[in-house]
Engineer: 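Handing you this structure, nothing more for now.
Letters A, B, ... mirror the listed sequences (proteins, then strands); counts begin at 1.
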Amino acid sequence: MTDLAARLTYACADAFESLGLERKWGAVRRSDRPELADFQCNGAMGSAKQAGRNPREVAAELAERIAGQEDIASVEVAGPGFLNIRVSAQALAVRAEAVRAEEMRGAAPAADRERIVLDFGGPNVAKPMHVGHLRSAVIGDTLQRIFRFLGDDVISDVHLGDWGLQMGHLVSELEDEQPGLVYFDAEYTGPYPDEPPVTIEDLGRLYPQASAKAKSDEARNARSQKAVAELQAGRPGYRALLRHFINVSVAALKQDYAFLNVRFDLWKGESDVDDLIPGLIEDFRKKGIAREDDGAWVVDVSRESDKKEFPPLILMNSRGGTGYHTTDLATVVDRMRSITPAPERMVYVVDARQALHFEQVFRAADMAGLIGEDRLEHIGFGTVNGPDGKPFRTREGGVLRLSDLNAMALEEAGRKMAEADKLPADMPGREREQVAAQVAVAALRFADLQNTRTTNYVFDLDRFTSFEGKTGPYMLYAAVRIKSLLRRAGDEGHAPGDIRVESEAERELVLALDGFGGALLAAREKRMPHILCEHVHGLAQAFSAFYGAHPIAAEKDPARRASRLGLSEAVLGQLECGLNLLGIDVPERM
RNA sequence: GGUCCCGUAGCUCAGCAGGAUAGAGCAACAGAUUCCUAAUCUGUAGGUCACAGGUUCGAGUCCUGUCGGGAUCGCCA
């Protein structure tokens with residue numbers, strides 16, 4: 001069964017159609033005047049304007065046509081042509097029961113399901129993840145959860161950055177530090193040691209060192225460029241090093257991602273499509289898409305209609321090296337070939353600052369007939385800023401590592417929990433740690449996701465970890481309180497039963513429940529997780545108001561108590577489901 | 001300089017193909033606990049939606065311009 005808003009929209013669309021007007025005017029949404037109505041339809045005004053009719057008359061005719069619907073208690077025309085609809089207590093009760101019973105908690109699968117590859121625009125193997133990677137991880141992961149929940153077929157790929165100049169920096173810097181390693185002996189034919197010559201700390205140190213030197217020293221930069229060209233050309237020692245770098249890096253990445261509840265189907269990277277690159281370049285040449293320019297091979301992606309300048313895409317630079325434009329294109333080829341059935345869409349969850357890059361790649365992919373430009377999508381997001389409004393830095397001015405950020409959140413969550421001192425005295429230490437981690441993850445993920453994806457936001461750990469306000473911890477508290485309530489009622493032998501919607505608080509709560517499916521569909525369509533956050537927060541608030549207004553387990557009347565317990569159960573089901581879609585796990589107690 | 005995004009309450013932010021009295025959270029103030037987790041709830045106060053024009057019966061929302069902030073603009077990713 002679909003939600004009330006959708007059912008009412010359908011009824012109104014029918015009514016519009018019967019008046020010879022377009023169905024689209026039938027859109028029904030929650031009323032912004034709760035004292036007047038539960039839902040409203042504003043289509044009478046727009047459609048009347050278009051058809052040259054009187055809006056109030058159109059509205060009145062609509063009202064007459066939908067008044068008989070079973071869900072509807074009353075319909076009124078107000079103001080210039082608003083349709084104010086109240087639904088019956090019975091309809092609300094039926095909805096609440098559906099939320100309680102259905103696996104999807106009142107939501108329904110999307111109509112236009114797709115086979116989607118989700119590319120997380122991977123972290124760079126040469127450097128540890130920093131705060132910026134929090135966003136792609138958390139937004140991308142939430143999108144993959146929402147997509148799957150609504151029926152899309154998703155293949156997620158972390159897609160590591162392991163092929164560009166940064167690898168040249170690493171190789172050459174390591175050679176400076178330890179020139180004696182066999183990897184640097186061009187005569188050596190192998191085999192190479194199984195033990196990596198570097199630790200994750202080494203990687204974290206080597207790259208910034210090299211990068212800093214290269215910026216001021218032309219010759220140093222040239223050595224990195226040479227190294228990466230040799231790596232890409234297949235020099236065995238360098239390849240062996242690359243393998244080590246990736247393995248060391250991935251082990252660390254997995255820890256950070258695991259902490260944040262983020263998982264991928266594929267751990268591919270740029271280097272995985274290395275063997276496709278020569279063929280790709282050849283293909284582009286044959287098709288006449290690529291042309292030579294200053295020793296480089298480029299693709300002109302600009303168009304007549306462009307308002308801004310589109311620099312050509314560089315397929316191969318003048319030194320024979322390839323960058324991420326080329327690997328991204330080769331990856332498209334790889335996915336279309338190796339994934340069956342072929343993906344219908346590829347979605348890239350990457351920093352908004354790379355918008356131009358993706359526009360170039362998408363155009364080139366389309367030109368070469370790899371996949372239509374309309375099937376490629378860049379889901380950009382804003383930066384995580386410090387209190388000064390600039391991208392977040394540590395006090396020393398460096399970037400903050402994601403692992404440090406996670407640790408800070410964990411510590412702060414533990415501190416706040418100790419302060420509140422609400423955990424049962426008998427809770428074992430291990431469970432305490434577990435709860436602290438769940439609170440920390442809830443804080444981080446919710447804080448990030450509740451922002452509109454495209455805007456920047458200011459990172460404020462103290463605010464994010466607070467149990468008050470629109471925060472992850474508040475959401476957990478609301479859910480845990482229901483668990484505790486139901487557990488206690490169960491202990492006393494009180495079972496949830498048939499839901500009746502009697503009070504204003506109960507009406508509001510069920511109306512909140514009813515919005516789940518719509519919020520999910522909107523979040524999916526716009527790729528905007530904050531819409532789901534808004535819903536979950538609103539639901540938690542509505543439950544808290546209900547909780548404050550009525551006794552539930554303590555209600556004396558058995559039927560009413562059973563109903564309220566049933567309603568609580570419905571709320572818990574949807575709340576936990578919604579939080580899980582946000583990648584947030586709810587503890588049993590806290 | 002070109003292009004794009006942003007400017008809404010003291011602070012952090014929502015605002016859905018233009019629609020009724022612009023909403024949350026925090027902070028402030030006033031209340032609520034012999035009773036289910038008060039890590040909560042209820043209420044009050046707080047806004048010429050940067051500014052100026054335009055389209056419209058109606059504009060925070062669409063168009064134009066101005067001011068302020070940010071991002072980006074060929075061999076880095």
Engineer: When you compare the side chain of A:Phe362 with that of A:Met367, does any pair of heavy atoms fall below 4.5 Å?
Structural biologist: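 They are not in side-chain contact.
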Engineer: Should the pair A:Arg507-A:Asp38 be classified as a salt bridge under the 4.0 Å nitrogen-to-oxygen rule?
Structural biologist: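 A salt bridge is present here (some side-chain N lies under 4.0 Å from a carboxylate O).
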Engineer: Mapping A:Met590 and A:Met45 to their closest nucleotides on RNA chain B, which lands nearer the 5' end?
Structural biologist: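 On the 5' side of the pair lies A:Met45.
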Engineer: Over how many whole Å does the gap from A:Gln50 atom CD to B:G18 atom C1' extend?
Structural biologist: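 For the pair A:Gln50 CD and B:G18 C1', the rounded distance is 14 Å.
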Engineer: Reckon A:Thr454 has a side-chain N or O less than 4.0 Å from the OP1 or OP2 of B:C5?
Structural biologist: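 Result: no.
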Engineer: Check whether any side-chain N or O of A:Lys422 sits under 4.0 Å from OP1 or OP2 of B:A39, and answer yes or no.
Structural biologist: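 A:Lys422 to B:A39 OP1/OP2: side-chain N or O found under 4.0 Å.
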Engineer: In whole Å, measure the gap between the C1' atoms of B:A22 and B:G18 for me.
Structural biologist: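 Result for the C1' pair: 14 Å, nearest Å.
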Engineer: Counting the atoms with a prime plus P, OP1 and OP2 as sugar-phosphate, which does A:Thr455 contact under 4.0 Å by heavy atoms, base, sugar-phosphate, or nothing?
Structural biologist: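 Since only primed, P, OP1 and OP2 atoms lie under 4.0 Å of A:Thr455, the category is sugar-phosphate.
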Engineer: May I have the distance from A:Asp351 (atom CG) to B:C5 (atom P), rounded to whole angstrom?
Structural biologist: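 Rounded to whole Å, this separation is 17 Å.
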Engineer: Describe the nucleic acid contact of A:Ala522 in one word from base, sugar-phosphate, nothing, applying a heavy-atom distance below 4.0 Å.
Structural biologist: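 Nothing, no nucleic acid heavy atom in range.
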Engineer: Classify A:Ser544 by what it touches in the nucleic acid, base, sugar-phosphate, or nothing, heavy-atom distance under 4.0 Å.
Structural biologist: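 Here A:Ser544 touches the backbone only, sparing every base.
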Engineer: Any side-chain to backbone donor/acceptor pair from A:Ser47 onto A:Trp25? Under 3.5 Å, distance only.
Structural biologist: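 Such a contact is absent between A:Ser47 side chain and A:Trp25 backbone.
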Engineer: Suppose we call a contact any N or O donor and acceptor under 3.5 Å apart; does that hold for the side chain of A:Asn42 and the base of B:A17?
Structural biologist: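 By the distance-only test, no, there is no pair.
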Engineer: For RNA chain B, write out the stems as range with range, using runs of 3 or more consecutive Watson-Crick or G-U pairs with both distances under 3.5 Å.
Structural biologist: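 Stems for RNA chain B, defined as runs of 3 or more consecutive pairs: B:1-7 with B:67-73, B:10-13 with B:23-26, B:28-32 with B:40-44, B:50-54 with B:62-66.
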Engineer: Counting the atoms with a prime plus P, OP1 and OP2 as sugar-phosphate, which does A:Phe310 contact under 4.0 Å by heavy atoms, base, sugar-phosphate, or nothing?
Structural biologist: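 Counting heavy atoms under 4.0 Å across all strands, no contact is made by A:Phe310.
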Engineer: So, does A:Asp3 use its side chain to make a donor-acceptor pair with the main chain of A:Ala6 at under 3.5 Å?
Structural biologist: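 Answer holds: yes.
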Engineer: Taking atom types as they are modelled, is there a donor-acceptor pair under 3.5 Å from the base of B:A39 to the side chain of A:Glu419?
Structural biologist: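 Side chain to base: no pair present.
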Engineer: What interatomic distance, in whole Å, is found between P of B:C11 and the corresponding atom of B:A50?
Structural biologist: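 That atom pair is separated by 14 Å.
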Engineer: Given 3.5 Å as the limit, does a donor-acceptor pair link the side chain of A:Thr452 with the main chain of A:Thr455, or not?
Structural biologist: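 Judged by distance alone, no pair lies under 3.5 Å.
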Engineer: Choose from B:U42, B:G25, B:G19 the nucleotide whose nearest atom is closest to any side-chain atom of A:Ala545.
Structural biologist: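 Minimum distance to the A:Ala545 side chain belongs to B:U42.
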Engineer: Can you tell me which nucleotide in B:G25, B:C36, B:A20 comes closest to the side chain of A:Gln541?
Structural biologist: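 Of all the options, the side chain of A:Gln541 is nearest to B:G25.
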Engineer: Assess whether atom CD of A:Glu525 is packed by more than 12 heavy atoms of other residues, nucleotides or ligands within 6.0 Å.
Structural biologist: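 Atom CD in A:Glu525 is not crowded, with 12 or fewer foreign heavy atoms closer than 6.0 Å.
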Engineer: Report the distance from atom CZ of A:Arg589 to atom C1' of B:U37, rounded to the nearest whole Å.
Structural biologist: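 Rounding to the nearest Å, CZ of A:Arg589 and C1' of B:U37 are 12 Å apart.
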Engineer: Taking atom types as modelled, find out whether A:Ser302 and A:Asp300 have a side-chain donor-acceptor pair closer than 3.5 angstrom.
Structural biologist: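 No.
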Engineer: Donor-acceptor pair, distance only, cut-off 3.5 Å: does the side chain of A:Asp162 make one with the backbone of A:Ser271?
Structural biologist: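 Between the backbone of A:Ser271 and the side chain of A:Asp162 there is a qualifying donor-acceptor contact (under 3.5 Å).
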Engineer: For A:Arg56 and B:G58, what is the distance between atoms CZ and P respectively, to the nearest whole Å?
Structural biologist: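 Value for this atom pair: 18 Å.
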Engineer: A:Phe358 has an atom CZ; how far is it from atom P of B:U3, in whole Å?
Structural biologist: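 It works out to 24 Å between those atoms.
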Engineer: I want to check a possible cation-pi pair here: A:Arg285 against A:Trp297, using under 6.0 Å from ring centre and within 45° of the ring axis as the test.
Structural biologist: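 Verdict for A:Trp297: a cation-pi partner in A:Arg285.
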Engineer: Under a 4.0 Å N-O cut-off, is there an ion pair linking A:Asp462 with A:Lys416?
Structural biologist: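 Yes, this pair counts.
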Engineer: Could you tell me whether A:Gly548 contacts a base, only the sugar-phosphate backbone, or nothing, with contacts defined as non-hydrogen atoms closer than 4.0 Å?
Structural biologist: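 Contact class for A:Gly548: none.
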Engineer: For the base of B:A20 and the side-chain ring of A:Phe82, does the geometry meet a stacking cutoff of under 5.5 Å between centres and under 30° between planes?
Structural biologist: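 Yes; centroid distance and tilt both under limits.
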Engineer: Under 4.0 angstrom, heavy atoms only, what part of the nucleic acid is A:Arg463 near: base, sugar-phosphate, or nothing?
Structural biologist: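 The answer is sugar-phosphate, as A:Arg463 gets under 4.0 Å only of primed atoms, P, OP1 or OP2.
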Engineer: Using heavy atoms and a sub-4.0 Å distance, could you list which residues of residues 528-537 of chain A are near RNA chain B? By number, please.
Structural biologist: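 Here the set is A:His530, A:Glu534, A:His537.
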Engineer: Given the C1' atoms of B:G74 and B:G60, what is the spacing between them in whole Å?
Structural biologist: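 40 Å, rounded to whole Å.
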Engineer: Need one value for A:Gln450: base, sugar-phosphate or nothing, where a base atom within 4.0 Å counts as base even if backbone is also close, heavy atoms only.
Structural biologist: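 Counting heavy atoms under 4.0 Å across all strands, no contact is made by A:Gln450.
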Engineer: Quick one: is the NZ or CZ of A:Arg86 closer than 6.0 Å to the six-membered ring centre of A:Phe39, and within 45° of its axis?
Structural biologist: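 Cation-pi check for A:Arg86 and A:Phe39: fails.
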Engineer: Identify which nucleotide among B:A20, B:C16, B:A38 has an atom closest to any side-chain atom of A:Tyr477, counting heavy atoms from C-beta outward.
Structural biologist: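 My answer, after comparing the listed nucleotides, is B:A38.
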Engineer: Given 3.5 Å as the limit, does a donor-acceptor pair link the side chain of A:Arg527 with the main chain of A:Ile379, or not?
Structural biologist: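 No; judged by distance alone, with no hydrogens or angles, the pair does not exist.
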Engineer: Measure from OH on A:Tyr547 to P on B:U33 and round the result to the nearest Å.
Structural biologist: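 Between P of B:U33 and OH of A:Tyr547: 15 Å.
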Engineer: I want to verify a distance call: between B:U37, B:A27, B:C35, whose nearest atom is closest to the A:Arg481 side chain?
Structural biologist: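 Nearest listed nucleotide: B:U37.
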Engineer: When rounded to the nearest Å, what value does the distance between C1' atoms of B:A9 and B:G15 take?
Structural biologist: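 So the two C1' atoms sit 14 Å from each other.
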Engineer: From CZ of A:Arg415 over to P of B:A39, roughly how many Å is that when rounded to an integer?
Structural biologist: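 Roughly 17 Å, once rounded to whole Å.
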Engineer: Looking for any heavy atom pair under 4.0 Å, which part of the strands does A:Leu313 touch: base, sugar-phosphate only, or nothing?
Structural biologist: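 Contact class for A:Leu313: none.
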Engineer: Would the distance check show the side chain of A:Thr326 and the main-chain N or O of A:Leu315 forming a donor-acceptor pair, the cut-off being under 3.5 Å?
Structural biologist: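 Yes: the side chain of A:Thr326 pairs with the backbone of A:Leu315.
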Engineer: Rounded to whole Å, please give me the gap between CZ in A:Phe546 and C1' in B:U42.
Structural biologist: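 Atom-to-atom, A:Phe546 to B:U42, this comes out as 17 Å.
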Engineer: Within the structure shown, what part of the strands sits under 4.0 Å from A:Lys24 by heavy-atom distance: base, sugar-phosphate, or nothing?
Structural biologist: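 Answer is base: heavy atoms of A:Lys24 come under 4.0 Å of a base.
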Engineer: Sticking with atom C1', work out how far B:C73 lies from B:C26, rounded to a whole angstrom.
Structural biologist: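 It comes out at 39 Å once rounded to the nearest Å.
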Engineer: Strictly under 4.0 angstrom, non-hydrogen atoms only: write out the protein contact profile of nucleotides 71-77 of chain B, one letter per nucleotide from the 5' end, B, S or -.
Structural biologist: SSSBBSB
Engineer: Could you point out which residue of A:Ile85, A:Val28, A:Asp514 forms a side-chain contact (heavy atoms from CB on, under 4.5 Å) with A:Leu4?
Structural biologist: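 Per the side-chain contact (heavy atoms from CB on, under 4.5 Å) rule, the option paired with A:Leu4 is A:Asp514, out of A:Ile85, A:Val28, A:Asp514.
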Engineer: Hey, does the side chain of A:Gln232 reach the backbone of A:Trp163 with a donor-acceptor pair shorter than 3.5 angstrom?
Structural biologist: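 Answer holds: yes.
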Engineer: If the P atom of B:A52 is compared with that of B:A59, how far apart are they to the nearest Å?
Structural biologist: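 After rounding to an integer number of Å, I get 15 Å for this pair.
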Engineer: Among B:A39, B:U37, B:A20, which nucleotide has an atom closest to any side-chain atom of A:Asp32?
Structural biologist: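 The answer is B:A20.
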Engineer: If we take the C1' atom in both B:U44 and B:G68, what is their distance in whole Å?
Structural biologist: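 After rounding to an integer number of Å, I get 34 Å for this pair.
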Engineer: Is there a donor and acceptor pair, one atom on the side chain of A:Lys49 and one on the base of B:G58, closer than 3.5 Å?
Structural biologist: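 Pair found.
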Engineer: Can you tell me if the side-chain N/O atoms of A:Tyr457 get under 4.0 Å from OP1 or OP2 in B:G70?
Structural biologist: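 A:Tyr457 to B:G70 OP1/OP2: no side-chain N or O under 4.0 Å.
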Engineer: Please measure how far the C1' atom in B:A32 lies from the corresponding atom in B:A14, and state the result in whole Å.
Structural biologist: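 Approximately 29 Å lies between the C1' atom of B:A32 and that of B:A14.
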Engineer: For a 4.5 angstrom cut-off between non-hydrogen side-chain atoms, does A:Val384 reach A:Tyr457?
Structural biologist: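 Side chain of A:Val384 against side chain of A:Tyr457, heavy atoms only: contact under 4.5 Å found.
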Engineer: Let me spell it out: for each of A:Glu555 and A:Gly79, pick the nucleotide of RNA chain B with the closest heavy atom. Which residue's pick is nearer the 5' end?
Structural biologist: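 The 5'-side residue here is A:Gly79.
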